[in-house]
Amino acid sequence: MSSETQQNEITEAAENGQTPQAEVTEQTVQQEVAAATAVAEQSPVVGAKKAKAKKEKAPLTREQKKKLVRNIVIVPIMILVASFIRSLCVQVFMTSPELNFAPGGVTGIGTMIQYKYGFSTGYTNILINIPLLIIAFIFLNKGFAIKTACAVGLSSGGMVLMEKLNFPQYSGPNVEPVLGAIACGVLGGIAVAIMIRAGASNGGTDIIAALIQRKYQAAGITWFIMGLDAIVVLASYFVYDNGMTPVFMSFTQQFSSAMMGDVILTGFKSAIKYEIITDSPEELSAELIAKLRHSVTKIDAMGMYAHSNKALLICVIHKRQVSEFNKILKKYDNTFAYVTSTSEVLGKFN
């Protein structure tokens, strides 16, 4: 373009009050800014920051709120209550002069040491558990290890404090050792059930058993715990001065604890499952639904002996309804049923 043409364009633009070069420059800057912003938004770092900001601003759902309240409020209270009950069992029953028996696990070792040397069970409990808790934190679930550490610390501190304050014990001339062992087991079972619900444990043999099961997953953890506890209980025969009495009391306490823990954890949600082979599925199902208020599931089946068509009915009921269920079944010929016990029922179950 000649200088004359350029001069004419400038003169014309000036007469019209326009500045072409400035306008072009401003548009160019705006385009460059828009392009830079688009590139920045596509950047992984900026995108992650934006996603994080959106996530932080999103309100908590009802389930998230429940989980938060449980972790911050309910679980600590459960661990505190269970630890107090455990300390109470040791002080009131296990170390009572008239009872003096050793339950399984680290607590049993602690009560035997206290009986022989006067060293508090609380100190023994925490000293033995420290290395186990470190191992659990490294190799097992960290949340489980932290909760268990809190439980061990609280229960051990409670044992020491109750001993120093001379907390009352189950002792005196009219003491019944067996009743003391049963009461100790019931309270201990409540504490264990609460601790399990909170996602923690009492430490000691529970941690050892969990570590062993991590290596040998085919075996059940319950058998490891029972085996380790049995070794401690049998060792108490050589520590106490009244022969087999402490051993029998320990087994009584453990049985009571196991029964109470099972009732709390599964007893209220357990049920009975019937599986019925019948030629009258419609009539039987209708009567069961009407009288027991529980639904029935029907599956088509075939009897392989006679190759005849059958119906398999599945019905889950409360334990208290077993007698009425059996009366209904007796009305129907060519009906065969077998019963299994379920430890827990999830979902809607009236």
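Computation of the quantities below employed the complete heavy-atom set of this structure, encompassing side-chain atoms and omitting hydrogens, waters and symmetry-equivalent molecules. Residues take their numbers from the sequence shown, with the count starting at 1.
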Asks: Looking at residues at least two apart in the chain, or sitting in another chain, which of them share a salt bridge (Lys or Arg N to Asp or Glu O under 4.0 Å) with Lys67?
Replies: none

Asks: Are Leu127 and Ile207 connected in the hydrophobic side-chain network, where two residues link if heavy atoms are under 4.5 Å apart?
Replies: yes

Asks: State, to 0.1 Å, how close Leu292 and Gln321 come at their nearest heavy-atom pair, and which atoms those are.
Replies: O-NE2, 3.2 Å

Asks: What I'd like to find out is whether the side chain of Met78 reaches to under 4.5 Å of the side chain of Met195, using heavy atoms alone.
Replies: no

Asks: What residues, two or more places apart in sequence or in another chain, satisfy side-chain hydrogen bond (donor to acceptor under 3.5 Å, both in side chains) together with Thr95?
Replies: Gln169

Asks: How would you list, by chain and number, every residue that makes a side chain to side chain contact (heavy atoms under 4.5 Å, CB included) with Tyr332, sequence neighbours excluded?
Replies: Ser280, Glu283, Leu284, Glu287, Ile328, Thr335

Asks: Check this for me, if you would: do Lys273 and Glu275 make a salt bridge, where the nitrogen-to-carboxylate-oxygen distance has to be below 4.0 angstrom?
Replies: yes

Asks: Would you indicate whether the side-chain heavy atoms of His318 and Ile272 approach each other to under 4.5 Å?
Replies: no

Asks: Measuring from atom OG1 of Thr148 to atom CG of Asn202, what distance do you get when rounded to the nearest 0.5 angstrom?
Replies: 8.5 Å

Asks: How long is the span from the CG atom in Leu99 to the OG1 atom in Thr245, to the nearest 0.5 Å?
Replies: 10.5 Å

Asks: Measure the CG-OG distance between Asn125 and Ser156 for me, rounded to the nearest 0.5 Å.
Replies: 3.5 Å

Asks: Through direct or indirect side-chain contacts below 4.5 angstrom among Ile, Leu, Val, Met, Phe, Trp and Tyr, which residues connect to Phe336?
Replies: Ile277, Ile299, Leu312, Ile314, Tyr338

Asks: Decide yes or no on side chain to side chain contact (heavy atoms under 4.5 Å, CB included) for Ile264 and Ile190, but give the supporting numbers first.
Replies: CA-CA 7 Å; Ile264 293 175; Ile190 294 172; 3.7 Å; yes

Asks: Does any pair with a residue in residues 227-258 pass ring pair (Phe, Tyr, Trp, His ring centres under 6.0 Å), and if so which ones, sequence neighbours excluded?
Replies: Tyr115-Tyr240

Asks: Can you check side chain to side chain contact (heavy atoms under 4.5 Å, CB included) on Ile276 and Phe325, steps first, answer last?
Replies: CA-CA 11 Å; Ile276 311 154; Phe325 197 106; 3.6 Å; yes

Asks: For Ser171 and Glu98, work out which heavy atoms get closest and say how close.
Replies: CB-OE1, 2.7 Å

Asks: How far apart are the closest heavy atoms of Ala145 and Leu133, and which atoms are they?
Replies: O-CD2, 4.0 Å

Asks: Can you name the residues that form a side-chain hydrogen bond (donor to acceptor under 3.5 Å, both in side chains) with Asn326, not counting sequence neighbours?
Replies: Tyr274

Asks: Starting at CG of Leu80, measure out to CG of Leu154 and round the result to the nearest 0.5 Å.
Replies: 6.0 Å

Asks: With sequence neighbours excluded, give me every ring pair (Phe, Tyr, Trp, His ring centres under 6.0 Å) pair touching residues 151-171.
Replies: Phe93-Tyr170

Asks: Within this structure, what is the CG-CD1 distance for the pair Asp206 and Ile196, rounded to the nearest 0.5 Å?
Replies: 8.0 Å

Asks: Which side-chain N or O atoms in residues 172-180 pair as donor and acceptor under 3.5 Å with protein atoms at least two apart or in another chain?
Replies:
none

Asks: If the condition is side-chain hydrogen bond (donor to acceptor under 3.5 Å, both in side chains), which residues does Gln64 pass it with, not counting sequence neighbours?
Replies: Thr61

Asks: Looking at SG of Cys315 and NE2 of His294, how far apart are the two atoms once the value is rounded to the nearest 0.5 Å?
Replies: 7.0 Å

Asks: I'd like to know whether Val233 forms a side chain to side chain contact (heavy atoms under 4.5 Å, CB included) with Gln254, so could you lay out the CA-CA distance, the side-chain angles of the two residues, the decisive distance to 0.1 Å, and finally the verdict.
Replies: CA-CA 10 Å; Val233 170; Gln254 289 193 346; 3.8 Å; yes

Asks: Which other residues belong to the hydrophobic cluster containing Tyr305, where Ile, Leu, Val, Met, Phe, Trp and Tyr are joined when side-chain heavy atoms lie under 4.5 Å apart, directly or via other members?
Replies: none

Asks: Who else is in the cluster with Phe137 when I, L, V, M, F, W and Y are joined by side-chain contacts under 4.5 Å?
Replies: Ile146

Asks: Just so I know, are the side chains of Lys298 and Asp300 near enough to count as touching, which here means a heavy-atom distance under 4.5 Å?
Replies: yes

Asks: To check you understand the geometry: which heavy-atom pair defines the closest contact between Leu187 and Cys89, and what is its length?
Replies: CB-SG, 3.5 Å

Asks: Please examine the side chains of Ser236 and Met112, heavy atoms only from C-beta on, and report whether any two atoms are closer than 4.5 Å.
Replies: yes

Asks: Please name all residues satisfying side-chain hydrogen bond (donor to acceptor under 3.5 Å, both in side chains) with Lys147, sequence neighbours left out, ordered by chain then number.
Replies: none

